[in-house]
Number of protein chains: 4
Amino acid sequence: MCPQAVNRQARQEKIARAALTVFSKKGYAATSVREIAKAAGMGKGTLYEYFQTKADIFVAATKQWLNALESRFSIHVAGLEDPAERLTALAHAFVELVDPLDPMTARMSVEIIRQGVLQEGVLYDRRHELREVMLGTQKRVEQVLLEGISQGIFKAAHAKDVGKMAANFIGYLDGILLHSVMTKGELELKEHVDFFITTVLHFLSKPSGGPSRRGPQNADLKGAS
Amino acid sequence: MCPQAVNRQARQEKIARAALTVFSKKGYAATSVREIAKAAGMGKGTLYEYFQTKADIFVAATKQWLNALESRFSIHVAGLEDPAERLTALAHAFVELVDPLDPMTARMSVEIIRQGVLQEGVLYDRRHELREVMLGTQKRVEQVLLEGISQGIFKAAHAKDVGKMAANFIGYLDGILLHSVMTKGELELKEHVDFFITTVLHFLSKPSGGPSRRGPQNADLKGAS
Amino acid sequence: MCPQAVNRQARQEKIARAALTVFSKKGYAATSVREIAKAAGMGKGTLYEYFQTKADIFVAATKQWLNALESRFSIHVAGLEDPAERLTALAHAFVELVDPLDPMTARMSVEIIRQGVLQEGVLYDRRHELREVMLGTQKRVEQVLLEGISQGIFKAAHAKDVGKMAANFIGYLDGILLHSVMTKGELELKEHVDFFITTVLHFLSKPSGGPSRRGPQNADLKGAS
Amino acid sequence: MCPQAVNRQARQEKIARAALTVFSKKGYAATSVREIAKAAGMGKGTLYEYFQTKADIFVAATKQWLNALESRFSIHVAGLEDPAERLTALAHAFVELVDPLDPMTARMSVEIIRQGVLQEGVLYDRRHELREVMLGTQKRVEQVLLEGISQGIFKAAHAKDVGKMAANFIGYLDGILLHSVMTKGELELKEHVDFFITTVLHFLSKPSGGPSRRGPQNADLKGAS
DNA sequence: GATGAATGAGCCTTCATTCAT
DNA sequence: CATGAATGAAGGCTCATTCAT
């Protein structure tokens, strides 16, 4: 009756996970199905029991990666109250994507973008799904900004621009991350991002009313850099 | 040098130009040599008279593209004196890369990055060359910043950070451009970039005119924290 | 013999029946074992409990089909006494193989022939078994002819040729049936077959003894057409 | 300018010819492209310079075969005046299709029919083209019949039935040929066909002028059988 | 006994590269 | 020089068969 009770979803996730490591290393086109199978520790044919095509495997790997990203963001931000700190934490989560010892995630992001941008790309027809995920992160940033405003920490005048600011924030992070990957660590990613945040917070923040201007200022700057 | 050499180079450029249009449309892997030959209006075998491999053609196309980019920047900036205006002009040059009617250049940039980032990428072993070109643009930005400082328009305190600032500037532009390409114009690229520049200039600029320099400066510093 | 054996045979027949519908629709090569299993309402592995290979399943399906054919002939001929009528009835049984609404049987016959004729065919090594069955039908025709002669209806001179005549009869029916299938009903099968029988009976029949030659002859022709 | 002046059509014919021998031996599905290439004495990839798909190769092989058939018929019939002889010659051309030493053509006919009959068959969508060719042969037979009638050799009463008769004639030949192939020569093909022609001519022919009708008729039968 | 998950041989097809002309 | 005909390695995918459950 029940020969092998295999958890289909678990199997698919295992494959997607294995595929992720290979795709991120060599890209979609240069990765052969055989390699994926080997990485997943199973036969070539088995992959096709769980996915229709190589492209589907790539999509699954992509989704897995995006989910991992999301949860990483959640972990970083968890427990932080101060909007400035939360913004910084988000950026740092991005920074950590570029592990010099395992730059997988960063490379994967390049490949994903490519597959979504190029007409012949595997994700081209599903790029709206990607956009959804990215919008999720963007919304997260917007919320932080709005909280900052409502808490009186950020200037209320920017309320109408939170959308643009969030998009720019994410855009910047993606861009600088790419550059970092491309230079393989020559670029001091964290320093750059911290500096960027300084810029942004400088733009956002109200003069922190108080008797002494210098003290807090220094403290803040130290923390940001 | 000799006429033949000139002829040879002209041929190579013609091929590179043709290849660029195809590569930017379909990406490296999905582009066949036959297509390039057809686009260049010559036989497949002839390509191999001027290039050793398909990868070499891609490198040539890449260089051509980067040069075109450089000259585009030069044109935009030419004649502008005010550092703020020059910064803005540079950014606008980037924005115009994403022609909604011909997103070729933007897509090409994705492909180039990918080929430079992925281990199996055609440009992987030459990514330092890419880095060179990007550093060129970065230097250009740095120079504008330094000029602004020397002209007393930008705060002198940032002099030590021009490197970071320029890298961030370029990084942001690349990132937001990618997002724009990926969303196929849903994102209002120009508005976002202009807003970003506002942020940057706000951070950079001295309080424009005023009786006391210190006061405003302090205010600025406050704002940054 | 023992209950299990009976059960076993029933299972095999069920599988063969299911396989027949699929094989006749798509041919041997294009039919996958999975499809057969689904059509039989059981698991793929189960099939291999009852058959060694896919080829064996095809052989079983073939035999089932041939048996069905035989019984169809029996039914048609049952109760008819007149040899001419019996011959006609046999031919009509063939004609009905090509049901425009369900051309399964006709298509199956093509596939069977193919598998028996081609070196790599599944039935190639067993084509003698097929020949047996076909000889069965041929013998049936021969017998009708001999009865007609012994009844004085057909010319006695043909007694020595009944073998050839029967073979030709069956051969013609197979051939015209194939053509009909290939033209998907554009060919008026029944009309052609009836005309053929006219020819044959004209050749076979004695001038039906009596004062007038024309009358009876006409009668025969009418009856045949 | 002109690296290799290759005669495309000659090349295609060479491939088709080679493919014919393999297809006729093993059938479409069981024949691999590699085998065709080897038989044609060229690389696998070369085939795809001249044909889009394996199916296209099969179609080309089919057409070649049909053309060969046509010319064979022409040769056999050439120079014959007497309609009866021409009919016989046509039938004999068919008979010779089954060369016991090289039964290729006969097997090919089975495969062609199959591919045209089965829904998944390669020729299924082009079965009308096949029908055209077959109609060509049929027309040829019809013409012979009509000539016989106009020459006063065949009964004028059959003029309205020449269509049916020709279709039956071809149908019979195809059918008996298949049986012959399936039995690998156990069936004496020529004898059977000759006997069949006797039947047909008996049906067709006018009593060959003479005082008595019975006499000549008997004579004919003797001679024919 | 019944099942379907797993497998890998083998299929058709593409394409960068070579080379005779 | 210019060409495109020729090639075979390699790719994605299918599927008959096995076997653990």
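The basis for the numbers below is simple: all heavy atoms, side chains too, and nothing from hydrogens, waters or symmetry mates.
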Item to check | Below 4.0 Å: OP1/OP2 of E/dT17 and any side-chain N or O of B/Tyr48 | outcome: yes
Checklist entry - How long is the line joining CD1 of B/Ile15 and C1' of F/dA2, in whole Å? => result 11 Å
Next on the checklist: How many whole angstroms separate atom CD of D/Gln12 from atom C1' of F/dA5?
Outcome noted: 14 Å
Checklist outcome for this item: When rounded to the nearest 0.5 Å, the distance separating OG1 of C/Thr62 from CG of C/Asn67 is 11.0 Å
Checklist entry - Can you check the C/Glu120 CD to E/dG10 C1' distance for me, whole Å? => result 15 Å
Give me, pair by pair, the N or O atoms of the protein and of nucleotides 7-11 of chain F that are less than 3.5 Å apart, along with how far apart they are.
unit_1, atom_1, unit_2, atom_2, d
F/dT7, OP2, D/Gly43, N, 2.7
F/dT7, OP2, D/Thr46, OG1, 2.5
F/dG8, N7, D/Gly45, N, 3.4
F/dA10, N6, D/Lys44, NZ, 3.2

Item to check | Point-to-point distance, once rounded to the nearest 0.5 Å, from CZ of A/Arg34 to CD1 of A/Ile36 | outcome: 12.5 Å
Checklist entry - Between the side chain of A/Glu120 and the main-chain N/O of B/Ala30, is any donor-acceptor distance below 3.5 Å? => result no
Item to check | Euclidean distance, A/Asp56 CG relative to A/Ile15 CD1, rounded to 0.5 Å | outcome: 11.5 Å
Checklist entry - B/Phe51 has an atom CZ; how far is it from atom P of E/dA16, in whole Å? => result 15 Å
Checklist entry - Could you state the NZ-C1' distance from B/Lys38 to E/dC15, rounded to the nearest angstrom? => result 15 Å
Checklist outcome for this item: Here DNA chain F, pairs taken as Watson-Crick or G-U under 3.5 Å and shown with ( ), [ ] when crossing and | when to another strand, reads .||||||||||||||||||||
Checklist outcome for this item: Rounding to 0.5 Å, atoms OH (C/Tyr28) and CD1 (C/Ile112) come to a distance of 13.5 Å
Checklist entry - Rounded to the nearest Å, what distance is computed from the CZ atom of residue C/Arg8 to the C1' atom of nucleotide E/dA2? => result 13 Å
Checklist entry - How long is the span from the NZ atom in B/Lys14 to the CZ atom in B/Arg11, to the nearest 0.5 Å? => result 5.5 Å
Item to check | Atom-pair distance (CD on B/Gln52; P on E/dT17), nearest Å | outcome: 10 Å
Checklist entry - Considering residues at least two apart in sequence or located in another chain, which fulfil the side-chain hydrogen bond (donor to acceptor under 3.5 Å, both in side chains) criterion with B/Lys63? => result B/Glu129
Checklist entry - Which part of the nucleic acid does C/Tyr50 contact within heavy-atom distance under 4.0 Å: base, sugar-phosphate only, or nothing? => result sugar-phosphate
Item to check | Inter-residue atom distance B/Met108.CE - B/Lys25.NZ, 0.5 Å rounding | outcome: 12.5 Å
Item to check | side chain to side chain donor-acceptor pair (under 3.5 Å) evaluation trace for D/Glu35 with D/Ser32 | outcome: CA-CA 5 Å; D/Glu35 283 169 306; D/Ser32 74; 3.2 Å; yes
Checklist outcome for this item: C/Ile36 CD1 to F/dT17 P, in whole Å, measures 10 Å
